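Order of listing sets the numbers, starting from 1, for every ligand and every atom in it. FYI, side chains are in, hydrogens and waters are out, and symmetry mates aren't considered; it's all heavy atoms of this structure. In this text the structure is predicted, and so the values were computed from the model without any measurement.
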Amino acid sequence: MIKKILIANRGDVALRVLRACRDMGIETVAVHSTADADAMHVRLADESVCIGGAPSSESYLNVPSIITAATITGADAIHPGVGFLSENADFARVVDAHGLTFIGPRIEHITAMGDKVEAKRTAADSGLPLVPGSDGAVATIDEARSVAEEVGYPVLVKAASGGGGRGMKVAATADDLAEAFSSARTEAKAAFGDDTVYLERYLDNPRHIEVQVVADSHGNVIHLGERECSVQRRHQKLLEEAPSPVLDSAQRDHIGTIAAQAAAKMGYLGLGTMEFLYENGEFFFIEMNTRLQVEHPITEEITGIDLVCEQIRIAAGEKLSVTQDEVTFKGHAIECRINAEHPETFFPTPGTVTNFHTAGGPGVRVDSFLNSGYAIPPYYDSLIAKLVVYGDDREHCLSRLRRALQECIIEPMPTSLDLHRKLVVDDDIISGNYTIRWLEEEFFAKDNAS
Ligand code: ADP
């Protein structure tokens with residue numbers, strides 16, 4: 001039985017977990033940095049503890065402070081949210097060692113999936129199809145050359161510890177390989193303290209389609225369908241939808257079943273997302289995220305299942321609330337990530353919000369921690385709101401989304417709202433005809449020309 005949860009996060013995700021706790025009658029403890037003393041998650045939680053200075057290294061990544069906060073408030077579980085310590089196996093181990101429940105997967109799976117080389121090996125052993133590439137890490141340029149010859153150019157050099165699209169470099173031909181290999185390693189070392197890299201064939205024009213899996217400690221594993229996340233810039237997602245406009249129900253069952261079987265074979269526990277590239281009717285596994293995803297609300301909208309409540313119940317040792325046969329997919333949902341960022345450079349644009357108004361009405365959900373007068377701190381992620389819209393079908397969803405985007409006001413800083421307003425009237429988005437390169441290679445070119 002979990003009675004009190006400490007939420008080791010901030011922003012919209014801290015609020016998301018807090019709301020699930022309230023719905024379940026569980027008490028909440030917010031933790032915050034000195035820069036977040038007035039933040040919404042602090043105001044709304046039952047209790048709050050300041051855990052350190054503004055930089056995340058002093059607060060949201062400060063494990064001793066977080067554990068102390070949990071101990072002094074008598075919390076019995078910790079929810080790590082998204083980002084920060086959510087995929088940190090050492091943190092999960094420390095939480096466990098203090099007799100607290102970590103609301104997440106088993107430590108061994110965080111470790112295995114945190115290293116992408118290891119993740120691909122585990123995925124292959126569990127029966128998932130991989131992007132052709134190196135068998136494990138590639139240590140030297142000579143090795144890289146021979147792998148690239150084998151899989152064929154273009155190739156992608158990727159960081160084993162990668163995340164957020166960093167440490168990833170394309171080599172179009174053999175002439176580019178040495179440069180791509182060394183710059184991927186340098187970037188990986190700087191970003192993750194680990195310069196281990198591996199090679200994959202750089203797929204021409206795939207879509208990014210991921211599958212949500214959920215597993216309990218009683219051996220039940222289900223999938224909750226897919227999310228289409230191909231609208232990306234700099235390998236980062238901007239708009240996601242469920243279901244994917246290109247899969248029919250037979251394809252959904254196929255990839256969902258494969259993903260759930262792989263999770264079962266691994267002995268996985270909790271929420272997990274298997275990410276695939278999809279090209280010419282084939283799926284290729286790229287990585288697995290062992291946590292709640294930013295884009296989880298669209299799955300909640302089309303299945304009616306609260307993923308955070310499910311996650312908490314699983315951590316408490318309960319069974320999944322539904323069987324695979326009871327899962328039904330109904331309607332269509334789209335999420336727009338609203339970032340405080342410059343529309344062209346994508347640099348963050350923190351500052352004080354003078355005017356904030358959220359959209360509302362049927363089918364509209366806004367997960368945000370903003371209010372008028374709130375000063376967005378410069379220290380953290382630029383995601384400030386998630387606009388999630390549901391409709392009976394894709395067309396209905398897009399029409400409600402246009403209405404909702406018109407209603408949103410966030411002033412005075414530039415945000416990605418303007419970009420989303422252009423996206424939802426674009427013919428390719430309306431027809432669902434886009435891939436991972438579409439935004440950067442086609443949409444921005446059209447937009448600049450007009
Ligand atoms: P990260 O963990 O840094 O986000 P991922 O492996 O999840 O890295 O890949 C992020 C994005 O990069 C994918 O959604 C896709 O757009 C692109 N990508 C990754 N691997 C490949 C590949 N082999 N071919 C083409 N694009 C790729």
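Counting only N and O atoms by type, the side chains of Tyr380 and Ser33 include a donor and acceptor under 3.5 Å apart. Under the 3.5 Å distance criterion, with hydrogens and angles disregarded, a donor-acceptor pair is assigned to the side chains of Tyr278 and Gln251. Defined by atom type and a distance below 3.5 Å, a donor-acceptor pair is present between the side-chain atoms of Tyr60 and Asp36.
Taking the six-membered ring for Trp and the full ring otherwise, the centers of Phe91 and Phe84 sit at least 6.0 Å from each other.
In terms of the side chain to side chain donor-acceptor pair (under 3.5 Å) criterion, Arg145 has no residue partners (sequence neighbours excluded).
Ligand 1 is approached by Met168 to a heavy-atom distance shorter than 4.0 Å. Look at Lys158 and you'll find a heavy atom under 4.0 Å from some atom of ligand 1.
Of all protein heavy atoms, the one closest to atom 8 (O) of ligand 1 is Lys116 NZ, 3.0 Å.
The N/O atoms of Leu203, backbone and side chain alike, include one that comes under 3.5 Å of an N/O atom in ligand 1. Ligand 1 has no N or O atom lying under 3.5 Å from any N or O atom of Ile436, backbone or side chain. Below 3.5 Å of separation, one finds an N or O of Glu275 facing an N or O of ligand 1. Between Tyr202 and ligand 1, not a single N/O pair is under 3.5 Å apart.
Atoms of ligand 1 lying under 4.0 Å from any heavy atom of Leu156, numbered from 1 in the order shown and given with element: 19 (C), 20 (N), 21 (C), 22 (C), 23 (N), 27 (C). Close approach of ligand 1 to Glu287 (heavy-atom distance below 4.0 Å) involves ligand atoms 1 (P), 2 (O), 4 (O), 5 (P), 7 (O).
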For residues 131-142, run the donor-acceptor check on the side chains, cut-off 3.5 Å, and write out each pair with its distance to 0.1 Å, sequence neighbours left out.
residue: Ser134; atom: OG; partner: Gly136; partner atom: O; Å: 2.8
residue: Ser134; atom: OG; partner: Leu199; partner atom: N; Å: 3.0
residue: Ser134; atom: OG; partner: Leu199; partner atom: O; Å: 3.4
residue: Thr140; atom: OG1; partner: Glu143; partner atom: N; Å: 3.1

